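Notes follow the structure.
Below, all heavy atoms of this structure are taken into account, side chains as well, without hydrogens, waters or symmetry copies. If you're wondering where the values come from, they're calculated on a predicted model, not measured in any experiment. Quick note: residue numbers are just sequence positions, from 1.
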Amino acid sequence: MKFRSLIPAAAMCVGLCIGLSASAASAASAACLVEYKAKRTNPTEYRHAAMTVPDAMCSPADARPYVQEELAKSGWTLLTIVKVSR
């Protein structure tokens, strides 16, 4: 019984470790930080967070399509870009 309960925890750790590695690689290749507000429905949730975007997209107008696409992958809708900084 104890071994069965450890399997989901181990799988979660592997997923988290892979996610952290991907985030570190992404941050190394992108030098522009976009602060944004987003929402998701059913249940309704709001998020105020930041993500890195490629350096060539370091303006609100250029970053918007990229941020919208990235958020949509996990069911979020971009409400507004608060700030873009290098």
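In this structure, Ser59 contributes its side chain and Asp62 its backbone to a donor-acceptor pair below 3.5 Å.
To the nearest 0.5 Å, atom CG of residue Leu71 and atom OH of residue Tyr66 are 10.5 Å apart. Taking CD1 of Ile81 as the start and CZ of Arg64 as the end, the distance is 5.0 Å to the nearest 0.5 Å. Between the CD atom of Glu70 and the OH atom of Tyr36 there is a distance of 10.0 Å, given to the nearest 0.5 Å. With rounding to the nearest 0.5 angstrom, the CZ atom of Arg86 is 6.0 Å from the SG atom of Cys32.
Scanning for side chain to side chain donor-acceptor pair (under 3.5 Å) contacts around Lys83 gives an empty result, with sequence neighbours left out. For Gln68, there are no side chain to side chain donor-acceptor pair (under 3.5 Å) partners at least two apart in sequence or on another chain.
Among all heavy-atom pairs drawn from Lys37 and Val82, the shortest one is CG-CG2, 3.9 Å. Of all the heavy atoms in Ala50 and Leu33, the pair that sits closest is CB-CD1, 3.8 Å. Shortest non-hydrogen contact noted between Pro65 and Ala61 is CD-O, 3.4 Å.
Under the 4.5 Å side-chain heavy-atom criterion for grouping Ile, Leu, Val, Met, Phe, Trp and Tyr, Met57 is connected to Met51 within one hydrophobic cluster.
Residues Val67 and Val53 form a side-chain contact, since some pair of their non-hydrogen atoms from C-beta on lies under 4.5 Å apart. The side-chain heavy atoms of His48 and Glu35, taken from C-beta on, include a pair separated by under 4.5 Å.
In the hydrophobic clustering, where aliphatic and aromatic side chains (Ile, Leu, Val, Met, Phe, Trp, Tyr) are joined below 4.5 Å either directly or transitively, Tyr46 groups with Leu79.
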